[in-house]
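The structure under discussion appears below in the form of C-alpha cells.
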Protein chains: 2
Amino acid sequence: MSKKEKDPKIQEKITEFKNLCNALGLKLTHQRLEIFSELCRSVDHPSAEILYKRLLKRISTLSLDTVYRTLMTFKEYGLIDKIETTENQSRFEVKMSTHHHFICKNCNKIYDFDWKDFDESALPDNLSNIGGVIHKSVIVYGYCNACDEKKNEKVNKLRF
Amino acid sequence: MSKKEKDPKIQEKITEFKNLCNALGLKLTHQRLEIFSELCRSVDHPSAEILYKRLLKRISTLSLDTVYRTLMTFKEYGLIDKIETTENQSRFEVKMSTHHHFICKNCNKIYDFDWKDFDESALPDNLSNIGGVIHKSVIVYGYCNACDEKKNEKVNKLRF
DNA sequence: AAGAAAATAAGTATTATTCTTATTTAGTAA
DNA sequence: TTACTAAATAAGAATAATACTTATTTTCTT
C-alpha cells in the first residue's frame, strides 16, 4: 500500500492527535497511536480489518476488537471519519484537507478529489426545513481508469 | 410510516417496474412485486429488515433472505438504489426523481432534498484522472429539526 | 513508586448478510 | 390448459462484521 512514510504533514497530524488526546482526556496508548498513525499513512480508506492486518506487523498482540473500539472512539471525538459507502464493511480515513470521494463501481476503490467550487457554494434554502447542516460532501460513482484498462486488456486478449 | 398509498406516480413506477422485469427476463413473482411496491411507498429509506417486517403483514410466509436477495437483484439491475451511509445496516430506496440526502447525526433519519443547481453543475476536470463518472450525489450531515425540538424539550424540562 | 481509572486482549455474543437445498412458481411452448 | 423448464422461494445453516464481558495491563496522576 502506497504510504507517505515521513511526510511532514503526517507528522504534524500525529502531533495534533497527541495534543487532542490530552485535551480530550483520552489516554495516549501505544495502540491508539499506532492505529491513528497507520490510518494517517493509508491512502486507501481501509476497513477495520485491513488496518488490523497491517498493524499486526507492528503490534503482534493487537486484537481486532481494539481496532474497532478505537476507531469508534476516534470517530466519536471527530479525530477520524467513517466513510459513506454502500458496502457492508465500514471504511475510515483521517482527513488531511477537505475533499470528496470517487467510488469505483467495479473494484470499490475510493479515490479522493478536490472540488473547491463546491466547497464554496451555498446549500439550497429548502434545507432549513429539514435541519441545520454541519458538513457536506459529494460522492461520485463510475469506473476508475485502472478498471477500464483491465477491461480493455481482457477485450484485447479475446480479440487476438 | 407515512405512505402515499394511491399516488399515481407510484402506480406508474410499478407499471414501469413490471415492464422492466419483462424486458430484463426477471420473473415477476408475487414477492418481487410486493417488495418493490413496499419500497416505492416507503419514504424512510428502510433497511432490508424493516422492509421484511412491513411485508410480513402482506406475505406471512416471506423469508428475510428473499428480501435481501431480491433487493440485491433489484440493485444489480438498477431498479432500486442502495444508499451510502456510515451505518452498518444497508438502506434502500426507489428513486422517483433526482435528489440528495440529509442524514441526521442524532437519529440517523435520512431526508431527501432537491438541489437543481448542483445537478446542473459540471464536475471538476481533475476527475478524468481518476475515471469516468456515471452518477454524482451530495450528502449533508447535521441535526434534523425534529431532533433539535426534542433536545430543547429536554433542556426545558431541566430548566423548570 | 503507588493507585485509580481507563484501555486492552481474549474469548464469547450478537447483528447483518449470504449460502445450501428441497420445494414451488412463472413463463413458455405444445 | 397443461406440462415443462428454468428461475425463485423458504427454511435453516453458515459466514461476516461488529460489539460485549471480564480479567489483566497500562497510562496518567500524585
Side-chain angles (χ1 to χ4, degrees), chain A residues 17-39 45-77 79-80 82-92 108, chain B residues 17-39 45-77 79-80 82-92 108:
Chain A
F17 166 78
K18 290 178 183 169
N19 293 335
L20 278 169
C21 280
N22 249 294
L24 294 165
L26 288 175
K27 288 189 177 165
L28 192 62
T29 64
H30 182 208
Q31 289 85 339
R32 281 179 173 165
L33 187 55
E34 287 295 341
I35 291 171
F36 187 83
S37 303
E38 187 61 44
L39 188 56
H45 317 80
S47 64
E49 196 160 2
I50 298 268
L51 267 179
Y52 168 67
K53 282 183 186 156
R54 289 184 194 154
L55 286 160
L56 270 184
K57 289 162 195 162
R58 289 169 181 259
I59 315 174
S60 62
T61 57
L62 186 67
S63 88
L64 179 55
D65 178 61
T66 297
V67 178
Y68 273 107
R69 195 171 10 80
T70 302
L71 290 171
M72 258 300 236
T73 306
F74 288 174
K75 193 212 153 183
E76 268 165 23
Y77 286 91
L79 302 171
I80 66 168
K82 199 167 172 185
I83 294 177
E84 305 85 14
T85 69
T86 59
E87 291 174 277
N88 37 211
Q89 209 177 17
S90 301
R91 296 175 65 169
F92 303 86
N108 279 323
Chain B
F17 166 77
K18 290 178 183 170
N19 293 335
L20 277 170
C21 280
N22 249 292
L24 295 166
L26 288 175
K27 287 188 178 168
L28 192 62
T29 64
H30 182 208
Q31 289 86 338
R32 280 179 175 167
L33 188 55
E34 287 297 340
I35 292 171
F36 187 83
S37 303
E38 187 61 43
L39 188 56
H45 317 79
S47 64
E49 196 158 5
I50 299 267
L51 267 179
Y52 169 68
K53 281 181 187 156
R54 290 187 194 152
L55 286 160
L56 271 185
K57 289 162 195 161
R58 291 167 180 262
I59 315 174
S60 62
T61 57
L62 185 67
S63 88
L64 178 57
D65 177 62
T66 297
V67 178
Y68 272 105
R69 195 170 9 81
T70 302
L71 290 171
M72 257 297 239
T73 307
F74 288 174
K75 194 213 152 185
E76 269 165 24
Y77 285 92
L79 302 170
I80 67 169
K82 199 168 174 184
I83 294 177
E84 304 85 13
T85 70
T86 59
E87 292 175 277
N88 39 210
Q89 210 176 19
S90 301
R91 296 175 65 169
F92 303 86
N108 278 324

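Please read all numbers here as calculations on a predicted model, not as lab measurements. By convention in this document, chain letters (A, B, ...) are assigned in the order of the sequence lines, proteins followed by strands, and residues within each chain are numbered from 1.
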Show me the side-chain donor-acceptor pairs of residues 21-36 of chain B shorter than 3.5 Å, one per line, residues at least two apart or across chains.
{"residue": "B:Thr29", "atom": "OG1", "partner": "B:Arg32", "partner atom": "N", "Å": "3.0"}
{"residue": "B:Arg32", "atom": "NH1", "partner": "B:Lys27", "partner atom": "O", "Å": "2.9"}

Distances for protein N or O near nucleotides 18-21 of chain C N or O, under 3.5 Å:
{"residue": "C:dC19", "atom": "N4", "partner": "B:Asp65", "partner atom": "OD1", "Å": "2.4"}
{"residue": "C:dC19", "atom": "N4", "partner": "B:Asp65", "partner atom": "OD2", "Å": "3.0"}

Provide a list of protein-nucleic acid N or O atom pairs under 3.5 angstrom, restricted to nucleotides 27-30 of chain C.
{"residue": "C:dG27", "atom": "OP1", "partner": "B:Leu28", "partner atom": "N", "Å": "2.9"}

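For residues 61-70 of chain B, the set of pairs meeting the salt bridge (Lys or Arg N to Asp or Glu O under 4.0 Å) definition, not counting sequence neighbours, comprises B:Asp65-B:Arg69.
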For this session: Could you please spell out the steps behind the ring-ring contact (aromatic ring centres under 6.0 Å, His included) verdict for B:Phe74 and B:Phe17?
Result: CA-CA 10 Å; B:Phe74 288 174; B:Phe17 166 77; 5.3 Å; yes
For this session: Please lay out, stage by stage, how A:Leu62 and A:Val67 fare under the test side chain to side chain contact (heavy atoms under 4.5 Å, CB included).
Result: CA-CA 8 Å; A:Leu62 186 67; A:Val67 178; 3.7 Å; yes
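Rounded to an integer number of Å, the gap from B:Leu62 CG to C:dT25 P is 14 Å. Atom pair B:Glu87:CD and C:dA16:C1' shows a separation of 13 Å (rounding to whole Å applied). A straight line from CD1 of A:Ile59 to P of C:dA7 spans 16 Å, rounded to a whole angstrom. Straight-line distance from the CG atom of A:Leu56 to the C1' atom of C:dA10: 14 Å, rounded to whole Å.
In this structure, CG in B:Leu51 is found 6.0 Å from CG in B:Leu71, a value given to the nearest 0.5 Å. Atom CD1 in A:Ile59 sits 9.5 Å away from atom CD in A:Glu38 (nearest 0.5 Å).
Every residue two or more places apart in sequence or in another chain that forms a side chain to side chain contact (heavy atoms under 4.5 Å, CB included) with B:Tyr68 is listed here: B:Ala48, B:Leu64. Residues satisfying the side-chain hydrogen bond (donor to acceptor under 3.5 Å, both in side chains) test with A:Ser63, not counting sequence neighbours, are A:Thr66. Looking at residues two or more places apart in sequence or on another chain, you find no salt bridge (Lys or Arg N to Asp or Glu O under 4.0 Å) involving B:Glu49. A search for side chain to side chain contact (heavy atoms under 4.5 Å, CB included) contacts involving A:Thr86 returns A:Tyr141, B:Lys75, B:Lys82, B:Glu84, not counting sequence neighbours.
Side-chain contact between B:Phe92 and B:Leu39 is present, with heavy atoms from C-beta onward closer than 4.5 Å. A 4.5 Å side-chain heavy-atom check between B:Leu79 and B:Thr73 finds every atom pair outside the cut-off.
At its two ends the helix from C:dA1-D:dT30 to C:dA30-D:dT1 runs along axes set 40° apart, each axis drawn from five pairs and the angle rounded to 10°.
Remark: side-chain polar atoms of B:Arg91 are not paired, donor with acceptor, to backbone N or O of B:Pro46 under 3.5 angstrom.
At the heavy-atom level, A:Ser90 lies under 4.0 Å from the strands shown only through sugar-phosphate atoms. A:Thr73 comes within 4.0 angstrom of nothing in the nucleic acid, heavy atoms only.
Think of the region where chain A sits on DNA chain D: with heavy atoms and a 4.0 Å cut, that region ends 5' and 3' at D:dA17 to D:dC28.
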